[in-house]
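For reference, positions follow the sequence shown, starting with 1. Not measured: the values here are computed from a predicted model. Basis for what follows: all heavy atoms, side chains included, without hydrogens, waters or symmetry-related copies.
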Amino acid sequence: MPAQPLRPFRPFARPRPTHRAAILAAGALLSLSALVGCGGGGGGGTVVGPTTTPEQAALARVQLGERLFNDRNLSGSGRMSCATCHDPAFAHGPSNALPVQVGGAFETEFGLRAAPSLRYLDLVPAFSRGDGSLASLRGGLMSDGRAASLEAQARLPFLNPLEMDNGSVAVLAGKLRRAAYAPLFVQVFGETADDELKLTQATQALAAFQRESAQFHPFDSKYDRVLQSQAQLTPPEQRGLQLFRDPAKGNCMSCHDIVTQSSVQPRFTNFGYAVLGVPRNPDLPANRDPAYFDQGLCGPQRQDLATPAVCGAFRTPNLRNVARRPVFFHNGRFNSLMTVLEFYNTRDSDPGRWYPTVNGVVQRFDDLPVAVRGNVNVQAPFGSATPRMTAAELGDLLCFLETLSDGYQPGTPPREGCRP
Ligand code: HEC
Ligand code: HEC
């Protein structure tokens, strides 16, 4: 395949100031600034002290996490923060349609997977194997579940040479000690000369920010309002929801779980794994090597599960905010949500539309080695010689997915095509 460069890298806009976490209520902020204020003179402050309430300590940790999340100095290039790839203005997902983001100390390296949204990850359970079968695997962070927790995950981008590329733990710890928020860091965790511990503390603050800040789980989509009886789906949205649930049509719900215990808002994932056979993405730099296959659970990034039966499986993502994503699937193969729906609907009835044809033979599931192509899921919406849904039905399904975007303003009509 031609070694065509990706679209040129455009320097990212400065991360926008994020709306303050709802938990940082005005009163709490006052006491927090009193708490951190005394450490302002160069990091000599005391650890969150006896007069500090647990709430204040938790707030300080979240606030520190937010500073770390937005600090572009914590990268080899000095230009990349967590927010560069997980932009708060794009539901903490990528702000551009590149299949993978550009990183590394000299911004010359390409990632291996599309950057996910970081919203609503709080309930992702730790990775578990069940009885070892593909259907029983659950949880873990990263699309192959290789990171056990948000804390463990946060270490990875800092040191990944394709991402923030800080070079070494010592270099990173030095930056943390010299940062403008170093006093806050010391207030929260105390002083330490141990670089490993310093990094662990940073990952704890980052995890606290992602877990506890309401920015990451606002639950204010139209669909949430509908569940609270404060809004109503329009007929097209309602039909889309039916298709999403119908086991003979979309059957989306069998993986993107919607059934909820009354106290838990739906996450649109069962946290399980499936092999969809997404077409190979020729725009992904790693794919210039024809022998490179990203097989999810069985590597090459994940190294401990090389059972052939799980090859090609990725964790089922949450579908909240999916209508705002510029890029879809682990390999960033598609750039429009309607194309994703068409792929689900016609992968098996019209494979020539999705996979290349070589010598008259359609190369189905071309992003997997031939030996594991049999792992691909063939339940509905797949596995049918004729599409299960009409074009109009896909339109309705799209209308429903658009109700899952955060920040719904009550009374706002849906776009044309989704109105009654
Ligand atoms: C260069 C872009 C880039 C940067 C910078 C970056 N990430 Fe990511 N992030 C990704 C990609 C790509 C993935 C998906 C990796 C995978 O599935 O293997 C990811 C995955 C994650 C996940 C797991 C999401 C899930 O659904 O399991 C979390 C959490 C996360 N990143 C947090 C962070 C934090 C915290 C930082 C800063 C310390 C950060 N990221 C910096 C690109 C980036
Ligand atoms: C067999 C389980 C399964 C079924 C059924 C299923 N999905 Fe998925 N879905 C997944 C998995 C696994 C992924 C991630 C695949 C990957 O990245 O390679 C995914 C990814 C997606 C994505 C891309 C999200 C992103 O962040 O890139 C969308 C959109 C989506 N599914 C919507 C749907 C809709 C709509 C339906 C019903 C028509 C559906 N899915 C049915 C398992 C399923």
Sorted by chain and number, sequence neighbours left out, side chain to side chain contact (heavy atoms under 4.5 Å, CB included) with T412 holds for Y408, Q409
Do the side chains of Q295 and V372 get nearer than 4.5 Å, heavy atoms only?
-> yes
If you measure from the Lys or Arg side-chain nitrogens to the Asp or Glu carboxylate oxygens, is any gap between D224 and K222 under 4.0 Å?
-> no
Start with the C-alpha distance between F400 and Y223, add both sets of side-chain angles, then the distance that settles ring-ring contact (aromatic ring centres under 6.0 Å, His included), and finish with yes or no.
-> CA-CA 9 Å; F400 167 64; Y223 189 70; 5.6 Å; yes
Under the side chain to side chain contact (heavy atoms under 4.5 Å, CB included) test, residues paired with P317 that sit two or more places apart = H256
Is it true that the NZ or CZ of K249 lies under 6.0 Å from the centre of F244's six-membered ring and within 45 degrees of the ring axis?
-> no
When D294, D367, N281 are each screened for side-chain hydrogen bond (donor to acceptor under 3.5 Å, both in side chains) with N331, the one that passes is D367
Side chains of R113 and H330: donor-acceptor distance under 3.5 Å anywhere?
-> no
Qualifying residues under salt bridge (Lys or Arg N to Asp or Glu O under 4.0 Å), relative to E55, sequence neighbours excluded = none
Tabulate below the donor-acceptor pairs under 3.5 Å that side-chain atoms of residues 349-357 make, not counting sequence neighbours, or state none.
| from | atom 1 | to | atom 2 | distance (Å) |
| --- | --- | --- | --- | --- |
| R353 | NH2 | E342 | OE1 | 2.5 |
| W354 | NE1 | T346 | OG1 | 2.9 |
| Y355 | OH | G277 | O | 2.5 |

Apply side chain to side chain contact (heavy atoms under 4.5 Å, CB included) to R245 and list each qualifying residue two or more places apart in sequence or on a separate chain.
-> L241, Q242, M253, I258
Sorted by chain and residue number, the salt bridge (Lys or Arg N to Asp or Glu O under 4.0 Å) partners of R325 (sequence neighbours excluded) come out as none
For Q379, does the CD atom have more than 12 heavy-atom neighbours from other residues, nucleotides or ligands under 6.0 Å away?
-> no
